[in-house]
Number of protein chains: 2
Amino acid sequence: MVKISDVAREAGVSVATVSRALNNLDTVRPDLAEQVHRAAAQLGYRPNTLARNLRKQSTLVWALIISDIENPFFTAVARGVEDTAQQNGYSVMLCNSDEEPEKESRYLSVAGQDRVAGVILSPHSASTNVSALGRIPLVVIDRTLNAPFDVVLVRSRLGAQQATKHLLDEGWQRPACITGPRDAETATERSAGYLQALEGTGIEPQVQYQRFRSAEGAQATAELLDGENPPDSFFIGNASLALGVLAELAKRGLRPGVDVGLISFDDAPWAPFINPPISVVAQPAYDIGVQAAQLLVQRIAHSGPQAPREVNLATTLVVRESSQRNSH
Amino acid sequence: MVKISDVAREAGVSVATVSRALNNLDTVRPDLAEQVHRAAAQLGYRPNTLARNLRKQSTLVWALIISDIENPFFTAVARGVEDTAQQNGYSVMLCNSDEEPEKESRYLSVAGQDRVAGVILSPHSASTNVSALGRIPLVVIDRTLNAPFDVVLVRSRLGAQQATKHLLDEGWQRPACITGPRDAETATERSAGYLQALEGTGIEPQVQYQRFRSAEGAQATAELLDGENPPDSFFIGNASLALGVLAELAKRGLRPGVDVGLISFDDAPWAPFINPPISVVAQPAYDIGVQAAQLLVQRIAHSGPQAPREVNLATTLVVRESSQRNSH
DNA sequence: TTGTAAGCGTTATCAT
DNA sequence: ATGATAACGCTTACAA
């Protein structure tokens with residue numbers, strides 16, 4: 001393996017000059033720099049990242065710790081992070097905490113140990129302990145933390161309110177809300193928006209808090225429909241829940257967009273293609289990733305203490321057929 | 001930051017002994033080892049991964065380079081790889097090549113540069129150049145490479161044949177095949193299985209080669225249905241295509257499982273939940289990840305030249321409603 | 001502007 | 001079984 005001293009010999013300069021030239025430090029004479037670059041190219045020199053890391057006590061790698069890699073929302077976020085990282089010379093190590101606190105803390109610990117340059121985290125809970133990171137810059141996404149860090153959020157509540165209002169505007173009379181567990185901020189923000197939309201309408205709110213999974217969506221739907229005051233439409237807190245709702249409705253022969261109204265959070269890949277196409281509240285997932293990455297780049301650059309920043313992004317109401325009346 | 005020499009002083013031994021004790025090399029007296037561990041714990045010693053990497057010229061990180069992070073198949077693979085890596089003390093850096101050769105080669109280059117301990121790759125094409133990896137162990141998945149490496153594959157052709165035969169057994173008369181582009185091995189293997197199933201039946205095969213995307217699935221369906229010999233059923237090469245097919249069928253008022261038969265490769269999360277539930281050829285995606293990871297662990301352990309191994313996994317036919325006649 | 005040399009914190013070799 | 005000590009390949013004071 002050709003190293004820096006080989007390049008130095010070939011170029012007839014010292015290793016320090018080679019290092020400076022290769023890192024484009026403008027304290028080196030242009031012609032010498034040129035000479036060094038030629039020598040490096042000729043010998044096929046590849047800097048040894050490992051040595052560089054040890055010397056600088058840091059790497060050019062980010063850790064992106066997300067809570068569910070099988071959720072299309074997070075994969076879109078990941079693409080945003082990755083593209084932006086790339087542009088800034090970083091690689092990203094994608095870690096899937098699978099909503100398990102132990103996995104999450106192990107990844108946090110590995111990130112600290114490996115001296116990654118920065119971390120982007122969608123925390124399992126607001127009380128997630130990030131002390132293992134030491135002074136490594138951190139950006140939080142999707143949910144807030146009980147500590148002052150840069151964070152990128154979406155206005156979930158507003159999106160939920162708009163979706164529910166849309167249901168009402170379409171003429172549905174009794175919308176219900178099926179969302180995630182009470183201890184998930186994303187879940188409660190969405191039900192809060194739903195409740196806001198119902199304020200002053202005289203409609204009695206019905207909210208089901210379940211885990212963000214298909215089976216639970218089906219079960220919640222069944223309970224609501226079998227209840228005293230069966231809803232005629234649904235605002236659903238995420239795409240997995242929506243699948244379960246759809247299955248239960250199909251089982252009962254209830255057609256979305258005709259017999260029942262339906263709108264869901266998150267624009268899953270399947271939403272536009274199934275029958276009928278599903279109306280959704282789309283989150284700017286890719287952009288969340290980009291914004292978080294940009295905050296991280298800045299945080300790394302100005303490593304001094306700096307007030308935490310918060311970025312809030314808007315959702316988009318995408319009206320397809322499932323939320324309309326008599327669309328068939 | 002407390003380092004190995006601090007532990008050495010605290011324990012009253014040399015740094016060499018500390019290193020040996022901490023790495024559980026049984027060449028150290030038990031009581032001394034005990035003493036070292038206590039000292040390390042007391043001081044809160046955390047080994048510096050960066051120094052270790054430089055010294056060993058390798059890391060405890062794998063690169064997993066997949067071609068599409070938004071494809072549920074690959075995310076399931078990723079989970080299998082990650083869990084197994086974890087168990088063996090490795091972290092995994094997930095890289096999304098997005099089917100772009102340039103991204104793929106950049107990741108290959110970063111992996112080589114960063115001296116990762118091993119790489120698992122779903123190559124964009126059979127001629128992907130992996131020379132940037134040097135002697136870093138490599139395991140290939142999903143598609144083969146024009147070079148002798150360990151590989152984990154699925155018996156796609158057999159799965160496709162079974163699916164098509166199932167369509168025939170259900171009484172469908174003219175199944176068509178919609179699959180990926182001709183230069184994708186996974187695509188052609190699936191059409192090959194379809195063709196095999198039709199051999200000797202007197203049925204005229206109809207195959208559409210398209211990109212693995214929803215829009216193309218819709219278009220192919222339209223072309224087939226508007227053709228001279230419209231099919232009465234479809235064997236579809238992957239889940240994205242299937243979404244497009246479903247959309248086109250809905251547009252024409254054709255109901256899967258009643259007016260038309262339908263079975264698709266890949267058990268997407270939405271497949272069981274939509275109306276009607278979709279029959280599929282399920283790939284053992286998680287297990288592919290596990291197997292690939294295990295091959296990699298072994299390859300790393302026995303770094304000497306060793307004959308490449310090939311693991312072939314079977315698909316599972318999952319019959320739901322879309323492939324049946326008169327299921328309603 | 002350039003060169004010399006001192007680390008960065010381990011692991012591994014070689015004596016003892 | 002243990003201890004000194006030389007790498008690993010780079011970056012960066014400090015000196016010139």
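So you know, we letter chains A, B, ... as the sequences are listed, proteins then strands, and number each from 1.
Look at CG on A:Asn48: it is 14 Å from C1' on C:dT10, rounded to the nearest Å. Rounded to an integer number of Å, the gap from CZ of A:Arg52 to C1' of C:dG7 is 17 Å. Atom CZ of B:Arg20 is separated from atom P of D:dA1 by 10 Å (rounded to the nearest Å). The distance between atom CG of A:Leu54 and atom P of D:dC8, rounded to the nearest whole Å, is 14 Å. Rounded to whole Å, the distance from NZ on A:Lys3 to P on D:dC8 is 5 Å. Rounded to whole Å, the distance from NZ on B:Lys56 to P on C:dC8 is 22 Å. Rounded to a whole Å, the CG atom of A:Asp31 is 11 Å from the P atom of C:dT1. If you take CD of B:Gln113 and C1' of D:dC10, they are 13 Å apart, rounded to a whole angstrom.
Side-chain proximity of B:Ala16 to D:dG3, C:dG3, C:dC8: nearest is D:dG3. If you check C:dG9, D:dT11, D:dA4 against the side chain of B:Arg55, the one that comes closest is C:dG9. Minimum atom distance to the side chain of B:Val28 is reached by D:dT2, of the listed D:dC10, D:dT2, C:dC8. In this structure, the nucleotide among C:dC8, D:dG9, C:dG3 sitting nearest to the side chain of B:Gln57 is D:dG9.
A:Arg143 has a carboxylate O that lies under 4.0 Å from a charged side-chain N of A:Glu99, or vice versa, which qualifies the two as a salt bridge. Electrostatic pairing of B:Arg106 and A:Glu82 does not count as a salt bridge here, judged by no charged N lying under 4.0 Å from a carboxylate O.
Residue contacts for A:Asn53: at a heavy-atom cut-off of 4.0 Å it reaches no nucleic acid atom on any strand shown. Residue B:Val13 is in sugar-phosphate contact alone, with no base atom involved, counting any heavy-atom pair closer than 4.0 Å across all strands shown. Within 4.0 Å (heavy atoms only), A:Leu32 reaches sugar-phosphate atoms of the nucleic acid but no base atom. Residue B:Thr17 is in sugar-phosphate contact alone, with no base atom involved, counting any heavy-atom pair closer than 4.0 Å across all strands shown.
With contacts defined as side-chain heavy-atom distances shorter than 4.5 Å, the pair A:Pro123/A:Val140 qualifies. Residues A:Tyr107 and A:Ser109 form no side-chain contact, since every pair of their non-hydrogen atoms from C-beta on lies 4.5 Å or further apart. In this structure, B:Val297 and B:Leu295 have side chains that are not in contact, with every pair of non-hydrogen atoms separated by 4.5 Å or more. A:Leu153 places none of its side-chain heavy atoms less than 4.5 Å from the side chain of A:Val311.
Between the two ends of the helix from C:dT1-D:dA16 to C:dT16-D:dA1, each summarised by a five-pair axis, the helix axis turns through 40° (rounded to 10 degrees).
At the phosphate of C:dT11, OP1 or OP2 sits under 4.0 Å from a side-chain N or O atom of B:Ser19.
Within the 3.5 Å criterion, the main-chain N or O of A:Ile69 finds a donor-acceptor partner in the side chain of A:Asn96.
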